Number of protein chains: 2
Amino acid sequence: MRKSALVGALLATTFVTSPVLANDDVLKQTANPNQWVLQTGDYFNQRYSKLDQINKDNVKNLKVAWTFSTGVLRGHEGSPLVIGDTMYVHTPFPNIVYALDLNNDGRIIWKYEPKQDPSVIPVMCCDTVNRGLAYADGKIFLHQADTTVVALDAKNGKEIWKAVNGDPKKGETNTATVLPVKDKVIVGISGGEFGVQCHVTAYDMNTGKKVWRGYSVGPDDQILVDPEKTMSLGKPVGKDSSIKTWQGDQWKIGGGCTWGWYSYDPELNLMYYGSGNPSTWNPAQRPGDNKWSMTIWARDVDTGVAKWVYQMTPFDEWDYDGINEVILANIKVKGKDRKVAVHFDRNGLGYTLDRVTGELLVAEKFDPVVNWTTGVEMDPSKPNYGRPYVVDKYSTAKNGPDVNTKGVCPAALGTKDQRPAAFSPKTGVFYVPTNHVCMDYEPFKVSYTAGQPYVGATLSMYPAPNSHGGMGNFIAWDAGEGKILWSKPEPFSVWSGALATAGDIVFYGTLEGYLKAVDPKDGKELFKFKTPSGIIGNVMTYTHKGKQYVAILSGIGGWAGIGLAAGLTNPNDGLGAVGGYASLKNYTALGGVLTVFSLP
Amino acid sequence: MRKSALVGALLATTFVTSPVLANDDVLKQTANPNQWVLQTGDYFNQRYSKLDQINKDNVKNLKVAWTFSTGVLRGHEGSPLVIGDTMYVHTPFPNIVYALDLNNDGRIIWKYEPKQDPSVIPVMCCDTVNRGLAYADGKIFLHQADTTVVALDAKNGKEIWKAVNGDPKKGETNTATVLPVKDKVIVGISGGEFGVQCHVTAYDMNTGKKVWRGYSVGPDDQILVDPEKTMSLGKPVGKDSSIKTWQGDQWKIGGGCTWGWYSYDPELNLMYYGSGNPSTWNPAQRPGDNKWSMTIWARDVDTGVAKWVYQMTPFDEWDYDGINEVILANIKVKGKDRKVAVHFDRNGLGYTLDRVTGELLVAEKFDPVVNWTTGVEMDPSKPNYGRPYVVDKYSTAKNGPDVNTKGVCPAALGTKDQRPAAFSPKTGVFYVPTNHVCMDYEPFKVSYTAGQPYVGATLSMYPAPNSHGGMGNFIAWDAGEGKILWSKPEPFSVWSGALATAGDIVFYGTLEGYLKAVDPKDGKELFKFKTPSGIIGNVMTYTHKGKQYVAILSGIGGWAGIGLAAGLTNPNDGLGAVGGYASLKNYTALGGVLTVFSLP
């Protein structure tokens with residue numbers, strides 16, 4: 001009976017027609033809407049819940065059920081997990097993990113506090129955030145700031161294994177969650193602002209032994225592409241597809257980091273993610289397309305070998321780091337049923353690709369203010385097929401080093417950064433937390449020293465001009481047509497992950513600290529509540545003893561909140577974010593609190 | 001019309017019959033139950049509110065209205081203030097002050113962050129707490145950890161004046177609020193565990209100039225007593241009443257600190273407070289009564305001269321620091337109307353005195369477990385009149401240094417520490433947060449070095465034996481008869497200040513983090529809510545736009561929570577508190593959050 005419910009659930013969201021061979025436990029656990037087992041809700045990264053007790057009509061009555069201070073300040077990204085009667089809560093550095101007893105008002109069952117050298121803190125580019133835990137096979141997986149991957153016994157918090165994925169002394173750190181899939185735990189790495197050659201790595205779920213590692217940039221055997229079989233826009237990538245797009249050995253310090261979210265299609269056995277910006281931010285130091293930075297990857301989870309790649313921003317000139325989540329869905333694209341991968345990139349374009357083949361279906365601006373490009377060439381017969389046309393005026397490479405290119409939209413933190421969008425299979429619509437921020441960008445020559453910042457640009461960010469005056473929008477997006485359906489302005493960037501539910505509501509948080517619920521039809525605000533601190537966490541939901549709860553971590557920080565989180569006051573500090581978000585201090589102070597809501 | 005309302009209010013609570021000559025502003029502001037102007041609610045320290053919108057019947061519907069993270073962890077004592085549409089919130093070290101706009105979901109109007117040398121932190125005996133702000137004449141008064149007293153413009157947070165009350169390098173620090181009265185601001189000082197000769201000091205409210213200073217121990221001209229006119233138990237204290245009860249110059253490092261709460265009777269023009277323990281904790285080093293440590297003082301606020309004194313624990317042998325609040329009330333004592341001062345001492349005795357004369361009316365145990373004394377001699381004809389009879393077995397002085405006196409009840413942190421009780425004029429009953437904790441106490445010889453700890457005893461604290469197994473009770477006390485009316489057991493000490501209201505409810509918080517409302521008749525629990533962290537703050541209430549709110553700071557710490565707050569794990573650390581409260585870590589983590597409640 002359980003099995004049929006599971007299959008039914010899978011059918012509903014993934015059109016699986018063959019026997020399930022992937023990690024049965026994760027599939028089983030994520031198919032149960034009473035739980036929240038992965039940060040992304042499910043393998044498809046849809047952040048959709050079938051729970052409907054809390055709905056469009058009664059959400060206005062939502063009240064705080066209980067609260068929990070994590071004991072840590074600074075930016076709280078990610079969300080708690082719920083498995084059975086236990087909630088698992090993580091914190092920013094030092095990455096404490098709490099197991100809380102839902103039967104007992106959140107009493108602490110166990111606490112795990114890793115010992116990490118605090119020297120990792122200044123090596124983390126944009127606050128000491130962590131995007132949370134994952135659960136599989138009775139284990140809680142934590143990927144620490146210092147890149148240690150830990151498997152904990154979910155029952156008692158005891159370490160089962162540990163693996164060291166990188167070296168903070170070389171600028172390698174972590175802020176991301178992990179993808180537990182089949183018998184592996186797959187993890188990424190940060191360090192694009194320190195010249196790290198980034199990669200994804202699969203560890204054996206039971207032992208922590210390294211199984212495979214695929215770099216984003218480098219020789220074919222490092223990036224795990226098959227020159228003949230790995231496809232890009234319908235053609236094999238060919239030999240040395242990455243290194244021939246770099247000058248000399250620059251690829252060795254070439255970035256392409258992997259600190260975003262990973263989705264997975266059990267039927268195709270492919271994982272999807274975006275690689276980040278090439279290093280340095282000064283384009284003059286790295287002529288070429290800098291492949292495969294800024295790329296959506298589809299890799300076989302067993303071997304790591306890429307099935308296809310698509311580079312969104314060849315030769316990045318603006319730090320349009322491509323790590324945002326890739327949401328898998330089955331929707332109509334221009335009238336035709338498609339298995340798609342949808343990605344809202346920092347560069348301001350919303351992409352829809354065929355996730356089987358990597359075919360580019362849609363690439364449209366999801367904020368009309370985007371001005372660095374006139375759009376992407378969609379005609380396969382054109383030489384520029386799949387590439388964005390860059391507007392000279394906003395080309396920091398054309399303007400050259402030590403020239404301040406003004407008024408580029410979006411800013412480096414993108415029309416959207418890492419906080420994940422939600423997709424509702426019920427409406428077929430994507431709900432996307434966005435930035436509405438532009439920038440001035442001045443590249444300069446920078447030398448590489450291992451473990452030292454390797455940025456090479458001075459930035460200043462500010463609200464997009466000639467619009468509503470705010471710095472963010474929460475939007476509804478038709479990924480089949482590449483169109484904004486509605487847009488709800490917010491005074492600050494929406495830096496929180498969204499959640500859509502079968503109760504006909506969409507939730508998100510704001511940097512001032514509000515949890516909001518809106519109508520998926522038109523974005524009308526149905527509920528708001530001021531949590532203790534600014535929200536950069538992701539909304540999740542679960543049931544306990546038959547009652548639905550909604551939970552959110554508040555704790556201002558992240559790139560947008562780095563000024564408050566790290567006490568920075570110079571407007572150009574925080575890689576340019578501080579000035580734009582300086583007035584956040586009028587709304588909120590540091591915090592680290594879980595707030596759990598329910599109906600009365 | 002305002003004036004008549006004011007006079008009516010005063011008549012109701014203080015029987016004032018003569019024209020009000022004291023600080024009109026504070027009297028006016030505290031008479032308005034919509035506000036919360038002093039930490040203690042009013043000059044009488046009653047912590048009673050006439051608001052009754054939230055009442056016994058509907059309190060079960062209370063829900064969280066909004067929340068605010070202070071951006072600081074560790075112990076949050078005291079409460080916010082509300083004046084008009086503005087809420088003022090303080091934090092532990094570094095003692096940030098926020099002015100929050102109640103018209104705008106608590107948006108930050110201004111923030112004041114003093115610059116203090118963090119070297120003050122290890123000089124604070126029992127966490128970096130601060131018991132909050134006071135308001136008078138358009139000014140917010142803050143007394144910082146480093147003993148700087150600051151007057152801020154309530155409108156914009158600008159400094160009006162600053163005064164330095166002590167020197168942390170000599171062990172002088174502050175955790176207390178201040179008493180704004182007439183044209184003065186009266187402040188105390190901490191440092192009993194550092195051999196400070198402690199005092200109360202009055203500063204000019206408009207300029208910050210020192211007006212008078214009265215020490216607790218020392219020569220008559222320092223302690224501001226009139227040998228002929230200052231009374232003790234009906235007799236003048238006589239010449240050198242303090243120094244003749246000390247051996248040699250020990251009084252110069254004699255403690256008697258003043259970090260508690262100050263009450264004030266406008267009609268009598270007297271302020272009331274308790275002085276703390278004599279230094280050191282090793283009684284062998286300071287034979288004598290150690291006057292006037294451990295004493296309730298009634299001082300004229302204009303001159304500082306004492307009208308009367310009453311020493312509760314002559315020659316302290318247990319650190320029964322006498323600083324707890326002195327609550328003024330007009331009640332029947334053994335059938336007769338009396339103007340009384342009521343004090344629940346650390347030593348486990350609840351005292352009722354005539355606040356005009358200092359006559360001792362009642363002295364009874366407010367926890368039956370108290371065993372160090374058989375009681376106080378109440379017969380004025382006896383030589384021991386007014387003194388407690390000490391049980392030899394529990395006399396750490398008789399047992400001598402380097403002997404571990406076991407099973408003393410209460411523990412050093414008393415049957416009650418600083419968190420204030422509430423008095424309801426409606427019921428005539430006191431509601432008292434208590435400890436139910438005993439100790440082993442081993443004094444040892446200690447040498448004095450300025451600025452170094454001068455404790456001289458090793459302690460271990462644990463739940464009182466042979467009782468409900470918990471470490472606290474919330475009790476109702478008849479101060480006229482000296483009787484417990486009811487007692488509600490709690491798993492941990494109740495380390496939160498109580499609030500009684502005209503809505504027939506009494507509120508308090510718990511160390512696990514619950515805000516609770518109980519029935520004043522029988523202590524029956526009417527409401528509870530789990531706030532983000534353990535509560536050591538004091539409950540307050542106010543109205544905004546006609547709606548009643550209840551607010552509480554959570555943030556585990558203080559003496560009971562010092563283990564969590566300072567990361568101590570050795571059971572005997574934290575002056576003996578850590579072991580007893582070690583299991584708090586199973587309930588809560590550090591925090592610093594204001595939670596504001598209202599009816600739906």
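A, B, ... follow the sequence lines: proteins, then strands. Residue 1 opens every chain. Remember, it's a predicted structure, so these values are computed and weren't measured experimentally. These values consider heavy atoms only, across backbone and side chains, with no hydrogens, waters or symmetry-generated copies.
Scanning all heavy atoms of the two residues, the minimum distance from A/Ala551 to A/Pro80 falls at CB-CG, 4.2 Å. Residues A/Gly513 and A/Ile535 share a closest heavy-atom pair of O-CD1, 3.6 Å.
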What would the table of donor-acceptor pairs between chain A and chain B look like if you include every N and O pair under 3.5 Å, whether backbone or side chain?
from: A/Thr67; atom 1: N; to: B/Lys530; atom 2: O; distance (Å): 3.3
from: A/Thr67; atom 1: OG1; to: B/Lys530; atom 2: O; distance (Å): 2.7
from: A/Thr67; atom 1: OG1; to: B/Thr531; atom 2: O; distance (Å): 3.4
from: A/Ser69; atom 1: N; to: B/Pro532; atom 2: O; distance (Å): 2.7
from: A/Ser69; atom 1: OG; to: B/Leu590; atom 2: O; distance (Å): 2.5
from: A/Gly71; atom 1: N; to: B/Leu590; atom 2: O; distance (Å): 3.1
from: A/Asp105; atom 1: O; to: B/Lys530; atom 2: NZ; distance (Å): 3.4
from: A/Asp105; atom 1: OD2; to: B/Tyr514; atom 2: OH; distance (Å): 2.4
from: A/Arg107; atom 1: NH1; to: B/Tyr587; atom 2: OH; distance (Å): 3.0
from: A/Ile108; atom 1: N; to: B/Asn586; atom 2: O; distance (Å): 2.8
from: A/Tyr514; atom 1: OH; to: B/Asp105; atom 2: OD2; distance (Å): 2.4
from: A/Lys530; atom 1: O; to: B/Thr67; atom 2: N; distance (Å): 3.3
from: A/Lys530; atom 1: O; to: B/Thr67; atom 2: OG1; distance (Å): 2.7
from: A/Lys530; atom 1: NZ; to: B/Asp105; atom 2: O; distance (Å): 3.3
from: A/Thr531; atom 1: O; to: B/Thr67; atom 2: OG1; distance (Å): 3.4
from: A/Pro532; atom 1: O; to: B/Ser69; atom 2: N; distance (Å): 2.7
from: A/Asn586; atom 1: O; to: B/Ile108; atom 2: N; distance (Å): 2.8
from: A/Tyr587; atom 1: OH; to: B/Arg107; atom 2: NH1; distance (Å): 2.9
from: A/Leu590; atom 1: O; to: B/Ser69; atom 2: OG; distance (Å): 2.5
from: A/Leu590; atom 1: O; to: B/Gly71; atom 2: N; distance (Å): 3.1

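Atom CD1 of B/Ile552 sits about 9.0 Å away from atom CG of B/Leu594, to the nearest 0.5 Å. Note that CG of A/Leu142 and CD1 of A/Ile140 are 9.5 Å apart. Values are rounded to the nearest 0.5 Å. In this structure, A/Leu499 CG and A/Phe507 CZ are separated by 6.5 Å, a value rounded to the nearest 0.5 Å. Summarising the geometry, atom CG belonging to A/Leu62 is positioned 11.0 Å from atom CG belonging to A/Leu526; distances are rounded to the nearest 0.5 Å.
When B/Gly591, B/Ala589, B/Gly592, B/Gly106 are compared by the number of non-hydrogen pairs under 4.5 Å with chain A, B/Ala589 comes out ahead.
In this structure the side chain of B/Met471 never reaches within 4.5 angstrom of the side chain of B/Leu511, judged on heavy atoms.
Proximity to chain B involves both the backbone and the side chain of A/Val64, based on heavy atoms less than 4.5 angstrom apart. For a residue to count as touching a neighbouring chain, one of its non-hydrogen atoms must lie under 4.5 Å from one of that chain's; by this rule A/Leu584 does not touch chain B.
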